[in-house]
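Each chain gets a letter, A, B and so on, in the order its sequence line appears, and its residues count up from 1. Values in this document were obtained by computation on a predicted structure and should not be read as measured data.
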Amino acid sequence: MPPRSWKHSANWKRISTEFDLPLALSPTPRGADLRQAIAEIAYGTTASYGALARAIGSSPRAIGQACARNPFPIIVPCHRILGAGGALGAYSAGEGPITKSRLLDHERPPGGLL
DNA sequence: CCTACTCCTTGGC
DNA sequence: GCCAAGGAGTAGG
């Protein structure tokens, strides 16, 4: 957990793959579930829209919609969500799919065949 | 390859 | 407050 004051502790963690930030609640109820489900996706791994949809009892379209309208597209790892068959899909933040690809490549463990 | 289904968010009335 | 349209998908023909 982060210390009370971020200002005076740059050394809390050099590298953190988890966030527990007190983000403002999603404007939409489903959005909260979405973010929670997405947050379950571990660093370096990915999930498909369909899988997430099944996880929260929704539909792939809804996932995409909520993600696209996601207020925190980078905090919430929307980039770990791929389409069926590992298709890259789309991305609404940064440079779009390019950013998504970069993020995924960045998180991809070295030597791994993910 | 194109069509239909599904569900959520958003914008207009 | 309700109705209509759009969207980061998926399955079926």
A:Q65, nearest nucleotide to its side chain (from C:dG6, C:dG9, C:dA8): C:dG6
Integer-rounded Å distance: C:dT10 P and A:I81 CD1: 11 Å
Consider the side chain of A:K100, meaning its heavy atoms from C-beta on, and name the nucleotide among C:dA8, B:dC8, C:dG9 that approaches it most closely. C:dA8
C:dG13: pairing nucleotide in any strand, Watson-Crick or G-U under 3.5 angstrom: B:dC1
In whole Å, what is the span from the CG atom of A:L52 to the C1' atom of C:dA8? 12 Å
Interatomic distance where CG belongs to A:L34 and P belongs to B:dT6 [whole Å]: 19 Å
In whole angstroms, the gap separating P of B:dT9 from CZ of A:R61 amounts to 14 Å
Just name whichever nucleotide pairs with C:dC3, Watson-Crick or G-U, keeping both distances under 3.5 Å, else none. B:dG11
Interatomic distance, A:I56 CD1 vs B:dT6 C1' [rounded to whole Å]: 13 Å
Identify whether any heavy atom of A:A68 sits under 4.0 Å from a base atom; if not, whether one sits that close to sugar-phosphate; answer base, sugar-phosphate or nothing. base
Check every strand shown and say whether A:G83 touches a base, only sugar-phosphate, or nothing at a heavy-atom separation below 4.0 Å. sugar-phosphate
Please tell me which of A:L82 and A:R69 maps to the more 5' nucleotide of DNA chain C, matching each residue to the nucleotide holding its nearest heavy atom. A:R69
Can you tell me the distance, in whole Å, between the CD1 atom of A:I63 and the P atom of B:dT6? 16 Å
Donor-acceptor contact present, side-chain A:K100 to main-chain A:G94, <3.5 Å: no
